[in-house]
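Remarks on the structure that follows.
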There are 2 protein chains.
Amino acid sequence: MALRHAVMAALLEGEASGYDLAKRFDTATADFWTSTPQQLYRELERMEGEGLIRARVVEQERRPNKRVFSLTEEGRSALHAFTRRPAKPTAIRDDMLVKLQAVDAGDPEAVRTSVMERMERARAKLARYERIRERLLNGRSEEEYLRETDHVGPYLTLLRGRYFEEENLRWGDEVLSILDARAARRAPR
Amino acid sequence: MALRHAVMAALLEGEASGYDLAKRFDTATADFWTSTPQQLYRELERMEGEGLIRARVVEQERRPNKRVFSLTEEGRSALHAFTRRPAKPTAIRDDMLVKLQAVDAGDPEAVRTSVMERMERARAKLARYERIRERLLNGRSEEEYLRETDHVGPYLTLLRGRYFEEENLRWGDEVLSILDARAARRAPR
DNA sequence: ATATTCATGTAACAAGTTACATGATTAG
DNA sequence: CTAATCATGTAACTTGTTACATGAATAT
């Protein structure tokens, strides 16, 4: 049931269509939650039925009409209640970790390539986060921003994303150097 | 389909019962994959049916009998093939991020408490990882270990766990200080 | 005494993924 | 002219979670 709360949290920043949310929750770009469009459309239906959000149809000229959702009072208070509940413990769940755990019985070259692809993605995400950060700060220093804004949530989640990707890069570097050392030992020139 | 690969990767280190795997994949302790016992028992059944693993019944005296699983040749080659496939992109998916995204419309005090609990868990996990590391190194330096072992997977995943929890702590510190500064401003003594 | 550990499962449900479908518009 | 963007969905399937159930043994 976290998706619905993620949707409500996203709607705090203003109304959005299913399509908008799908972009925001896309794995490649998401900064605090991910989901597929299919899951979203299904969940939005339910949430509307339960009165947590409300839809407004916006007629467009050269585009299909869209349904734009916003939080209801009920949704807002459900979200408030959610922040009071204890957070579930999380752990990383990553395909890549399974591959690495099995690297000794697997194909080290292929795994190496995956790690490098991952690092490339991490760099792209960091760049993206940096752009979002600029937009948030809007010329101000971090201190100024934090003093002035009454909307600190997006900053905190962005920070987590940044740290996470930095950690990925740090780890990737070590993994590559360890795998290389082993490859060199096994197939000495 | 990653659970089955995680199971196979775990079985590389020797045979295990469903119960053993359940402990290893428990969220509180897992170092490279998580799942509930229920999911495991279901998946083990299927995997046995598909010939990826094989069960051996161990009769015990003062304990219930157990079924101990090991990798078959088929399983081993499926695992090898898995390491050759590209890794799916991942992103953090964490309840806590949703709470923080919504903290401005929520209950900052409660969120603060959750963050502190998380940090406590992170410290516990770090301590646990440290113990596992000692056991792996077994008196040797990292360099020696890496030179001597032919089983580098567990070391690499452990490293990721450590970095991840360190990142959690670093982030938690920043979050707390930002939330505190805001609380002080809103309710000046 | 009580809680935890060992050891396995069933059943029902919720959440997430994949494949498919439609159809106009605009950017390269 | 092709790909991407805008905008929505249905259907089928796979994963993951929660609740319940059993029953002995050992640790506190």
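Letters go in sequence order (proteins before strands), and every chain restarts at 1.
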Can you pull every protein N or O that's under 3.5 Å from an N or O on nucleotides 2-6 of chain C?
residue, atom, partner, partner atom, Å
dC6(C), OP2, Y19(B), OH, 3.1
dC6(C), O4', R63(B), NH1, 3.4

Starting at CD of Q38(A) and ending at P of dA11(D), how long is that distance when rounded to a whole Å? 14 Å
Pull out every protein N or O sitting under 3.5 Å from an N or O of nucleotides 13-15 of chain D, one pair per line with the distance.
residue, atom, partner, partner atom, Å
dT15(D), OP1, M1(B), N, 3.2

Shortest non-hydrogen pair, A122(A) vs N168(A), comes out as CB-CB, 4.3 Å
Does K99(B) use its side chain to pair, donor to acceptor, with the backbone of R85(A) at less than 3.5 Å? yes
Rounded to whole Å, please give me the gap between CG in D20(A) and C1' in dA7(D). 10 Å
Using whole Å, what does the distance between atom P of nucleotide dA19(C) and atom OH of Y41(A) come to? 19 Å
I'd like to know if the side chain of D26(A) reaches the main chain of K23(A), judged simply by a donor and an acceptor atom lying under 3.5 Å from each other, with no hydrogens or angles considered. no
Would you check, one step at a time, whether the test salt bridge (Lys or Arg N to Asp or Glu O under 4.0 Å) holds for R162(B) with E166(B)? CA-CA 6 Å; R162(B) 197 167 94 197; E166(B) 283 171 1; 3.8 Å; yes
Please report the shortest heavy-atom distance between M96(A) and V115(A), naming the atom on each side. CE-CG2, 3.4 Å
E130(A)/R133(A) under salt bridge (Lys or Arg N to Asp or Glu O under 4.0 Å): CA gap, chis, key distance, verdict: CA-CA 5 Å; E130(A) 186 49 36; R133(A) 185 163 160 277; 3.2 Å; yes
Minimum-distance pair of heavy atoms, taken over all atoms of V7(B) and M47(B): CG1-CE, 3.9 Å
How long is the line joining CG of D95(B) and P of dA15(C), in whole Å? 12 Å
Relative to the ring of F82(A), is the ring of H5(A) parallel (under 30°), tilted (30 to 60°) or perpendicular (over 60°)? parallel
In whole angstrom, give the distance that lies between atom CD of E48(A) and atom C1' of dG9(D). 14 Å
Inter-axis angle, terminal five-pair segments of the helix from dA1(C)-dT28(D) to dG28(C)-dC1(D) [nearest 10°]: 60°
Over all strands shown, is S35(A) touching base, sugar-phosphate only, or nothing at heavy-atom distances under 4.0 angstrom? nothing
Do E167(A) and R160(B) meet the salt-bridge criterion of a basic N to acidic O distance under 4.0 Å? yes
Flag side-chain contact, heavy atom, 4.5 Å: R131(B) against R135(B): no
Separation of atom CH2 in W33(B) from atom C1' in dG16(D), rounded to whole Å: 11 Å
In whole angstroms, the gap separating P of dA14(C) from NE2 of H5(A) amounts to 15 Å
Is any side-chain N of the basic residue among R128(B) and E165(B) closer than 4.0 Å to the acidic one's carboxylate O? no
Between C1' of dA14(C) and CG of L3(A), the distance in whole Å: 12 Å
